[in-house]
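Letters go in sequence order (proteins before strands), and every chain restarts at 1.
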Number of protein chains: 2
Amino acid sequence: MIVRNTRQRSAVSALLAEVEGFHSAQDLHAMLRNRGERIGLTTVYRTLQGLADAGEIDVMRPPGGEHLYRRCSEGHHHHLVCRACGRTVEVAGPAVETWADRVAAQHGFTDVSHTLEIFGTCPTCAP
Amino acid sequence: MIVRNTRQRSAVSALLAEVEGFHSAQDLHAMLRNRGERIGLTTVYRTLQGLADAGEIDVMRPPGGEHLYRRCSEGHHHHLVCRACGRTVEVAGPAVETWADRVAAQHGFTDVSHTLEIFGTCPTCAP
DNA sequence: GCGTTTTTGACAATCATTATCGTCTTCGCG
DNA sequence: CGCGAAGACGATAATGATTGTCAAAAACGC
């Protein structure tokens, strides 16, 4: 299976490179259509899945049900998400990374990855 | 909104009390029907949602897409999940709990909760 | 160019979850 | 014990994101 360079794949990558924050597949698809790209929803899903498998983007599964994708640039980090307004703050936790790896190793697990999300109510949304 | 005790609610709680590990809503519904309970799928979903809101059970959202529920007995813990066979190991990380709360507080977030899952390949599934 | 192989994308299918809404229970109170 | 209203139930339909299908189009090596 040789990966080929196509206009659509580039478009998705380019879009992810310039937008901030998380976006759903449908979001990204709509944006691409708005800027005149001719690309199918199916292709957006496939491309995002590919990028996620390759570790080039982050995937988040919020309680809402939609998958959110985001360019995962500088290393590994986690997210602090506001329950009310959806605002996200990046947080880094080196201690958590090593802890997770160590715990997994203790149980003999290999190829370890992890997801961590913190939910709360942000200052501006507090009643 | 007064919560009432119904046969169905008790049945779900009872089932969760005796089964091990995670089960999907549809799983639990099937089990209840098998043991002769007359209960609708809708009710199972509603009951599970209620229990989850009340913090009495754990919810996990694996990449597969189904929500998995589990009685969350002894305090807060996280899970180490095998990618291949789905086996789960409970892990506790007091340090992570406090870290998450602290980070959230630093950003002014309140009502903080978090989810953490570690994925890997368990020893028996390693090629 | 040419042929092969991958990718695309419109459309249909899937499937867990949620909404609807009429009927049935529960429970406080007399 | 019986009543009445507030909830709860549950069959069914609806929702909606994601995935499968497959013929047509594009990309790459030569």
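- Protein atom CD1 of A/Ile39 is 10 Å distant from nucleotide atom C1' of C/dG9, rounded to whole Å.
- C/dA16 atom P lies 14 Å from atom CG of B/Leu28, rounded to whole Å.
- Taking side-chain N and O atoms only, A/His67 has a distance below 4.0 Å to OP1 or OP2 of D/dT18.
- If you look at A/Phe22 and A/His79, their ring centroids are closer than 6.0 Å.
- Annotation: A/His78 is in aromatic contact with A/His114 [ring centroid separation under 6.0 Å].
- Taking atom CZ of A/Arg9 as the reference point, atom C1' of D/dA27 lies 12 Å away to the nearest angstrom.
- Ring orientation note: the planes of B/His107 and B/Phe109 are nearly perpendicular, at an angle over 60° on the 30°/60° scale.
- Rounded to a whole Å, the CZ atom of A/Arg7 is 9 Å from the C1' atom of C/dT8.
- Proximity note for A/Glu66 (side chain, C-beta onward) versus D/dC9, D/dA17, C/dT20: the nearest is D/dA17.
- One finds no side-chain N or O of A/Gln26 lying less than 4.0 angstrom from the OP1 or OP2 phosphate oxygen of D/dG16.
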(request) Mind running salt bridge (Lys or Arg N to Asp or Glu O under 4.0 Å) on B/Glu97 and B/Arg102 for me, showing each step along the way? (result) CA-CA 9 Å; B/Glu97 317 294 326; B/Arg102 185 159 37 79; over 6 Å; no
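- Here C/dG9 is the nucleotide among D/dG10, D/dA8, C/dG9 with the atom lying nearest to any side-chain atom of A/Thr43.
- Here the C1' atom of nucleotide D/dA17 and the CG atom of A/Leu48 are 13 Å apart, to the nearest Å.
- Atom NE2 of A/His29 and atom P of C/dG9 are 8 Å apart (whole Å).
- In this model, the phosphate group of C/dG9 is approached by a side-chain N or O of A/Gln8 to a distance below 4.0 Å at OP1 or OP2.
- Taking 4.0 angstrom as the limit, A/Thr42 places none of its side-chain polar atoms (N or O) nearer than this to OP1 or OP2 of C/dA10.
- Taking side-chain N and O atoms only, A/Gln49 has no distance below 4.0 Å to OP1 or OP2 of D/dT18.
- Atom-to-atom distance recorded for B/Thr43:OG1 and B/Arg7:CZ is 9.5 Å, nearest 0.5 angstrom.
- The interatomic distance linking B/His23 (NE2) with C/dA16 (P) rounds to 16 Å, in whole Å.
- A close approach under 4.0 Å does not occur between any side-chain nitrogen or oxygen of A/Thr6 and OP1 or OP2 of D/dA27.
- Taking only distance into account, the side chain of A/Arg46 never meets the base of D/dG20 through a donor-acceptor pair shorter than 3.5 Å.
- The CZ atom of A/Arg38 sits 13 Å away from the C1' atom of D/dA24 (whole-angstrom rounding).
- Applying the 3.5 Å distance criterion, the base of C/dA16 shares no donor-acceptor pair with the side chain of B/Ser24.
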